[in-house]
Amino acid sequence: SQAPVKVTVTGAAGQIGYALLFRIASGQMLGPDTPVALSMLEIPQGLKAAEGTAMELQDCAFPLLDSIQITDDATQAFDGTSVALLVGARPRGPGMERGDLLSANGGIFKPQGQALNAGAADDVRVLVVGNPANTNALIASSFAPDIPTTRFSAMTRLDHFRAVGQVAEKLGVPVSDVHKITIWGNHSATQYPDLFHAEVGGRSVADQVEQEWLEGTFIPTVAKRGAAIIDARGASSAASAANAAIMHVNTWVHGTPEGDWTSAAVPSDGSYGVPEGIFSSFPVTASGGEWSIVQGLEIDDFSRGRIDASVKELTEERDAVKALGLL
Ligand code: NDP
C-alpha cells in the first residue's frame, strides 16, 4: 500500500483547524487511497488545545491516519512535508494599521518559508489560508528560494464557492450547473467575482441576470459574506473555509474537470496585465499537480476596472512588505 503523505496544518488548534483536520484524516483531501501523517503546528499557547484535538482524532480511528505530530517548532512541522496548509495567522486587531498587520504576519510567514525551504519534501505544495493570504503567500515563497514559486498558492476557493451558491440560488439551478466562475485579485473586499465568463446552460450568466443585481447585490454579497456570517453566527466562517481548503488541495492534486475551471491565487506570470510575481486570484485549471492560468478571456471595461482596483491593493501590500524588508 501507499506510503503515508505528510500533511502539515498551522494554527491547528484554531477553529478552521478544527474543521479541517478530521476531513484530512478521513481522506477527503488526498483521496481514499492515501494514508496521512498529520503534523499540527501551533504557538506554545495553542499546544494544549491541539493535544485535545489529537485525542479526538485518535478516537475517530480513521484507517488512513498513520500518525499525529504536535509541535511549536516550524522546522519539525515542515520536515518532509508534502502538503502544508498555512492557516494560523495574526488577525487584524482593533485599531491595528495595515503596516502593523503585515509586519506581524511577516514574523510568522518568513520563518515558515525558511523552514519549508530547509526541510519540505521535493513535491511540497503550500496553500496559504491565513490572512492577508495573498501577501502571506508572497512572503513565505520569497523565503523559500529552493521551492518553485508555483508550489505556493493562496485560497480564494471559498469566495468562488460563495459566488457559485449565489448564482445557483438566483437562477434556481443546482450548483452543479454553474460553471466557469472566476474570482480575480485579492482575497479581500476588493476581490472581483466575475459573471461575464460564468456559464449556466451553456450561456453567459451575465446575460441571464440584471446588471443591477450583478453590481448592486451579487458582488457585495460575495465580498462581504464573511462579515455577514460573523454577524449571524457570532463567530467567523470556519467549516466553509475548511471545506474550501480541502477542495483547493484536492483540485490541485487531482485536477479540474474537462471544460471547467476554478479560482485560486497563484503567482502572476503577467497574464491579464497583473504584475508578475504577485499572488493574485485568476481563473485556473489544474493538471498533473500544477495550476495553469486560463488564457485568452476577453476582459471588458467593467471587469478591467474591478480587476485593476484589486490588483492595485495587492501591489500596495507588496510594496509595504518590501519596505518592511520582508521580500
Ligand atoms: P481561524 O481558524 O478562524 O482563522 C485562521 C486564519 O484563517 C485567519 O487568518 C483568518 O483570517 C483566515 N481565514 C481565511 N479565510 C477565512 C474565512 N473565510 N473565514 C474565516 N477565516 C478565514 O482563527 P482562530 O483564531 O480560531 O485560530 C488561529 C490559530 O492559529 C490559533 O490557534 C493560534 O494559536 C494559531 N496560530 C498559529 C501560528 C503558528 O502555527 N505559527 C501563528 C499564529 C497563530 P481573518 O482573521 O482575516 O478572518
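As a basis for the values below, the full set of heavy atoms in this structure was taken, side chains included, without hydrogen atoms, waters or symmetry mates.
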Could you tell me whether Asp308 and Arg304 have a side-chain N and a carboxylate O separated by less than 4.0 Å? yes
Of all heavy-atom pairs between Ile293 and Pro267, which one has the smallest distance, and what is that distance? CD1-O, 4.4 Å
Side chains of Gln28 and Ser26: donor-acceptor distance under 3.5 Å anywhere? yes
Are Leu324 and Val128 linked, directly or through intermediate hydrophobic residues, by side-chain heavy-atom contacts shorter than 4.5 Å (ILVMFWY only)? yes
Give me the ring orientation class for Phe302 and Tyr192: parallel if the planes are under 30° apart, tilted from 30 to 60°, perpendicular past 60°. perpendicular
Is there a side chain to side chain contact (heavy atoms under 4.5 Å, CB included) between Trp261 and Thr182 once you walk through the steps? CA-CA 8 Å; Trp261 67 64; Thr182 305; 3.0 Å; yes
Would you check if there is a donor-acceptor pair between the side chains of His248 and Ser153 at a distance under 3.5 Å? yes
Enter the distance from Gln191:CD to Trp184:CH2 here, rounded to the nearest 0.5 Å. 13.5 Å
Got a sec, which pairs hit salt bridge (charged side-chain N to carboxylate O under 4.0 Å, His left out) with one end in residues 229-241, sequence neighbours left out? none
Taking Ser263 for the side chain and Arg157 for the main chain, is one N or O donor matched with an acceptor at less than 3.5 Å? no
When every non-hydrogen atom of Arg90 is compared with those of Ile108, the smallest separation belongs to N-CD1, 3.7 Å
salt_bridge(Glu97, Arg92) N-O dist < 4.0 Å: no
Looking at every non-hydrogen atom in both residues, tell me the closest pair between Ile139 and Leu327 and how far apart they are. CA-CD2, 4.2 Å
Shortest non-hydrogen contact from Leu21 toward Ala12: CD1-O, 3.6 Å
If we count only N and O atoms by modelled type, under 3.5 Å, do the side chains of Asp260 and His179 hold a donor and an acceptor together? yes
Note: Glu316-Lys312 ion pair, threshold 4.0 Å (strictly below): yes
Are Val311 and Trp291 linked, directly or through other ILVMFWY residues, by side chains that come within less than 4.5 angstrom of each other? yes
Which residue pairs pass the salt bridge (charged side-chain N to carboxylate O under 4.0 Å, His left out) test when at least one of the two sits in residues 60-81, sequence neighbours left out? none
Gap between atom CZ of Arg203 and atom CD of Gln208 - 0.5 Å precision: 4.0 Å
Contact check, side chains of Val284 and Val266, non-hydrogen atoms, under 4.5 Å: yes
How many angstroms lie between CD in Gln69 and CE in Met40, if you round to the nearest 0.5 Å? 10.5 Å
Scan Val175, Val173, Leu195 and name whichever one has a side chain to side chain contact (heavy atoms under 4.5 Å, CB included) with Val167. Leu195
Please report the closest heavy-atom contact between Ala241 and Ile16, naming both atoms and the distance. CB-CD1, 3.8 Å
